[in-house]
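Let me begin by presenting the structure, written as structure tokens, before commenting on it.
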2 protein chains.
Amino acid sequence: MTAKEQSILDAALSLFVSNGFHGTPTALIAQKAEVSNGTLFHYHKSKEALVKTLYTCIVTEYQEATLDGEQDIESIKEKVRLLWKQSIDWAFENRDKYHFILQYKYSTTKQDKKTDQVGNLKKRFADITEKGIQQKLIAHRPDDFIFSMFEANQYGMMSYLLENPVKYRMPEFMKQAFTWFWDGISA
Amino acid sequence: MTAKEQSILDAALSLFVSNGFHGTPTALIAQKAEVSNGTLFHYHKSKEALVKTLYTCIVTEYQEATLDGEQDIESIKEKVRLLWKQSIDWAFENRDKYHFILQYKYSTTKQDKKTDQVGNLKKRFADITEKGIQQKLIAHRPDDFIFSMFEANQYGMMSYLLENPVKYRMPEFMKQAFTWFWDGISA
DNA sequence: ATATTGATCGACTAATCACTCGACAATAAT
DNA sequence: ATTATTGTCGAGTGATTAGTCGATCAATAT
């Protein structure tokens, strides 16, 4: 990806988060990215395509950050702890991107088959969950229910942490928060 | 509220949920509401104002539905159960409205001091939580953290139930889901 | 009866915006 | 050296749209 290409995505993210998709003219994105109007459309065939590309990039980054290093861990509980921690860390350190994901999720662009980009994380999580259930560590529940609760927990944690950022730096608080989550899904 | 006024709000909700705020021209709202363009602006001084009014109406309805009858119950646990159930029931039965709330929450209309309409429910919930903590029923945690977890749980439940609507009609599943939530916040 | 008020209409406008296009530059391929 | 390809520009355009305006109409008050 060229520097200009990246610069367009950066500008778009920042403007989308503060003004919304439709509140952000492509001309403004180009301007902020220090690129001409035409260049923007050289890289993205439409505004819609730009939004989608941005979403895909961000979700991919999120999933990689969340899954990073999971393979190196044996214990199911520690795997879950890692995913839980990393998903919150990423969202906390990349608020704009996290905000954008939610914004996109609940936006509705005409007849858009929101490609379920979350598939990868969901799949790996399901594997872990299943193994956990076999080992009688995790309660016997549908994979996707547990995954919903995982996402919900991140959602709630973020909503709280953004109001009380200081708590993020309190290991005891964070540790306890995970314990709650784990107790919730464990057998 | 006159019939036309209501009709405008209904049309707006339906169109917003399927096309987004900015994807919905005011002219289309007026058309669907079977009202002239001028009439729409007679009732709402701007599109922005219309969106805000709609949001306020919906959040108020949500809170009233969720809080309904809470005063008549003594037990803290049963109060929480009622709120938990009613908040999910309402969201499940009013998907468009629930979707709109999230859509609005993560939309960003320029320099908009998102008036924290949730205040009422949050306040009553905090009262209950506090009493629960005193009675050693609920774990000793900040009010707003528990409330975040309450909202997060609803978020997760909805995300799961919308994919698996049949589960909503299984009392055992729903009962267990509440138990999970309660175990999570109880002492 | 008359006046006042508010509801309703829909054509109109001024502005905005997504996207195009043709030109030019830089780089790569032959 | 010549051609092809790709990147870059920004002025221009056609379509869209939020919001206005002046005109009726209905209802109520005086």
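All values reported here derive from a predicted model rather than from experimental measurement. Throughout, protein chains are lettered first and strands after them, A, B, ... in sequence-line order, and every chain is numbered starting at 1. Keep in mind that the numbers below use all heavy atoms, side chains included, and drop hydrogens, waters and symmetry copies.
Heavy-atom nearest nucleotides on DNA chain D were determined for A:S36 and for B:K45, and the one closer to the 5' end corresponds to A:S36.
Protein atom CD of A:E48 is 14 Å distant from nucleotide atom C1' of C:dC19, rounded to whole Å. Spacing between atom CZ of B:F41 and atom C1' of D:dT20 amounts to 10 Å, rounded to whole angstrom units. As a whole-Å value, the separation of B:L15 CG from D:dT17 P is 12 Å. One atom, CD of B:E5, and another, P of C:dT8, lie 9 Å apart when rounded to the nearest Å. In this structure, B:E34 atom CD and C:dT8 atom P are separated by 13 Å, rounded to whole Å. What separates NE2 of B:H22 from C1' of C:dT16 is a distance of 14 Å, to the nearest Å. Regarding B:I29, its CD1 atom lies at a distance of 13 Å from the C1' atom of D:dG19, rounded to whole Å. Between the C1' atom of C:dA11 and the CD atom of B:Q31 lies a distance of 16 Å, rounded to the nearest Å.
Checking B:Y55, B:F16, B:Y98, B:Y62 one by one against B:Y104, the ring pair (Phe, Tyr, Trp, His ring centres under 6.0 Å) holds for a single residue, B:Y55. Of the candidates B:F125, B:Y155, B:W182, B:F125 is the only one forming a ring pair (Phe, Tyr, Trp, His ring centres under 6.0 Å) with B:F150.
Judged by a 6.0 Å distance limit and a 45° cone about the ring axis, A:K167 is positioned over the six-membered ring of A:F173.
The nucleotide whose nearest atom lies closest to any side-chain atom of A:S46 is, among C:dC19, D:dT17, C:dA18, C:dC19. Minimum atom distance to the side chain of B:P25 is reached by D:dT17, of the listed D:dT17, C:dA18, D:dG19. Checked against D:dC9, C:dC19, C:dG10, the side chain of A:V35 finds its nearest nucleotide in D:dC9.
A salt bridge links B:E78 with B:R81: the closest approach of a Lys/Arg side-chain nitrogen to an acidic carboxylate oxygen falls below 4.0 angstrom.
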Under-3.5 Å N/O pairs linking protein and nucleotides 21-24 of chain C:
none

Distances for protein N or O near nucleotides 5-7 of chain D N or O, under 3.5 Å:
residue	atom	partner	partner atom	Å
D:dG7	OP2	A:H42	NE2	2.8

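A:E34 CD: 12 or fewer foreign heavy atoms inside a 6.0 Å radius. At most 12 heavy atoms of other shown residues, nucleotides or ligands fall within 6.0 angstrom of atom NZ in A:K85.
A:Q6 pairs by the side chain to side chain donor-acceptor pair (under 3.5 Å) definition with A:D10, not counting sequence neighbours.
Using a 3.5 Å distance cut-off with no hydrogens or angles, the side chains of B:W90 and B:E61 do pair a donor with an acceptor.
B:K97 places no side-chain N or O within 3.5 Å of a backbone atom of B:I58 that could act as its donor or acceptor partner.
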